[in-house]
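Read the structure below first, then the notes.
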Amino acid sequence: MGIYQTWMDRAQNGTEQEQQVFWQTYLHQERDAYAKILAGKNPCLEGTPESIAQELEMDMDVMGGFIDGMKTSLVDELDVEALEADTPVKLNLDWEKLFYNMMEAKADWLYNLPEWEDVLDEQQRKEITRQWRKDHIAVSTKTVGRNDPCPCGSGKKYKKCCGKNA
């Protein structure tokens, strides 16, 4: 069984109390792992998932979720579902994508880590935050009112034309 499937089994099965403990453990290990990665200022993790988990002091059963969470921030695409504990991998992170994706996940415990200060300067982080907010502005589309002219161009009111059967 691959590490991703192991992760999914652990993440979806168990009692409510087991799930709560599992997620608390995962989030704590995830935060600590990212803090180590950022403190090392090395965007590339190489080895096997097992060796990377040991280096980051992370349990192997959560490593599949950790790699899955960072896969959209990698320079090169990675098939997480095919990974085994002994599969050689090169996880080359794009710092800006990682920061953006942490914001996307609303993971403030990750994008507010103090270690970011040494990786992306304040201006870069503000620009990424600005871009994220711009990308998430709610846009409403104007709807046709009952008494508005029909958009089909007939000259009739919408309620007497295309909106008749709506």
Query raised in the report: What pair of heavy atoms forms the shortest contact from Y158 to G145, and how long is it?
Result: CB-O, 3.6 Å
**Report entry** Any donor-acceptor pair under 3.5 Å from Q19 side chain to N13 backbone
**Finding:** yes
**Report entry** Q29 side-chain N/O to V62 backbone N/O, donor-acceptor pair under 3.5 Å
**Finding:** no
**Report entry** Non-hydrogen atoms of V119 and Q124 that approach each other most closely
**Finding:** O-OE1, 4.4 Å
Query - Nearest-0.5 Å distance that lies between atom CD in E81 and atom CG in L83 - result: 10.0 Å
Query raised in the report: Does the pair R130/E127 count as a salt bridge with the N-to-O cut at 4.0 Å?
Result: yes
Query - Interatomic distance, Q5 atom CD to E84 atom CD [nearest 0.5 angstrom] - result: 11.0 Å
Requested in this report: Report, as yes or no, whether the 6.0 Å neighbourhood of atom CD on Q24 holds more than 12 heavy atoms from other residues, nucleotides or ligands.
Outcome: yes
Query - Short side-chain to backbone donor-acceptor contact, W116 and L110, under 3.5 Å - result: yes
**Report entry** Joint cluster assignment, M8 & L27, ILVMFWY side-chain distance < 4.5 Å
**Finding:** yes
Query - Separation of T129 OG1 from E122 CD (nearest 0.5 Å) - result: 10.0 Å
Report task. Please tell me if the side chains of I37 and W95 come closer than 4.5 Å, counting only heavy atoms from C-beta onward. Result -> yes
Query raised in the report: Considering all heavy atoms of both residues, which atom of P149 and which atom of V144 are nearest to each other, and what is their separation?
Result: O-CG1, 4.3 Å
Requested in this report: Hey, could you give me the OG/CG distance between S51 and L45, rounded to the nearest 0.5 Å?
Outcome: 9.5 Å
Query raised in the report: Any link between I128 and V75 through a network of hydrophobic side chains (Ile, Leu, Val, Met, Phe, Trp, Tyr) touching at under 4.5 Å?
Result: no
Requested in this report: Spell out, yes or no, whether W109 and L93 are grouped together once hydrophobic residues are joined by side-chain heavy atoms under 4.5 Å, including indirect joins.
Outcome: yes
Query raised in the report: For the hydrophobic clusters of this structure (ILVMFWY residues joined by side-chain heavy atoms under 4.5 Å, transitively), does one cluster hold both W23 and L56?
Result: yes
Report task. For side chain to side chain contact (heavy atoms under 4.5 Å, CB included), just list the numbers for E115 and K36, CA-CA rounded to whole Å, side-chain angles, deciding distance to a tenth of an Å, and then say yes or no. Result -> CA-CA 8 Å; E115 288 82 1; K36 285 180 186 177; over 6 Å; no
Query raised in the report: Which heavy atom in C44 sits nearest to a heavy atom in E46, and how many Å separate them?
Result: SG-CG, 3.9 Å
Query raised in the report: With a 4.5 Å limit on heavy-atom distance, are the side chains of K97 and T72 in contact?
Result: no
Query raised in the report: Mind checking whether Y26 and F22 have parallel, tilted or perpendicular rings, split at 30° and 60°?
Result: parallel
Requested in this report: Would you give the length of the straight line joining atom NE2 of H136 to atom CD of Q131, rounded to the nearest 0.5 angstrom?
Outcome: 10.0 Å
Query raised in the report: Which of these passes side-chain contact (heavy atoms from CB on, under 4.5 Å) with M63: D68, T6, I52, T48?
Result: I52
Report summary line: Tested for side chain to side chain donor-acceptor pair (under 3.5 Å) against S73, the lone hit among D94, N92, N101 is N101
Report task. Over all heavy atoms of both residues, which pair between I3 and A85 is shortest? Give the atoms and the distance, please. Result -> CG2-N, 3.7 Å
Query raised in the report: Say you draw a straight line from CD of Q54 to CG of D59; how long is it, rounded to the nearest 0.5 Å?
Result: 11.5 Å
Query raised in the report: Between F99 and W132, is the gap from one ring center to the other below 6.0 Å?
Result: no
**Report entry** Close side-chain approach of D76 to K90, heavy-atom, < 4.5 Å
**Finding:** no
Query raised in the report: So, do R133 and M103 sit near enough that their side-chain heavy atoms are less than 4.5 Å apart?
Result: no
**Report entry** From CA spacing to verdict: side chain to side chain contact (heavy atoms under 4.5 Å, CB included), M70, L91
**Finding:** CA-CA 9 Å; M70 71 166 52; L91 307 173; 4.0 Å; yes
**Report entry** Y111 and Y34 aromatic centres sub-6.0 Å
**Finding:** no
Report task. Without swapping roles, check the side chain of D121 against the backbone of Q123 for a donor-acceptor pair under 3.5 Å. Result -> yes
Query raised in the report: Are any of the side-chain heavy atoms of K156 and C162 separated by less than 4.5 Å?
Result: no
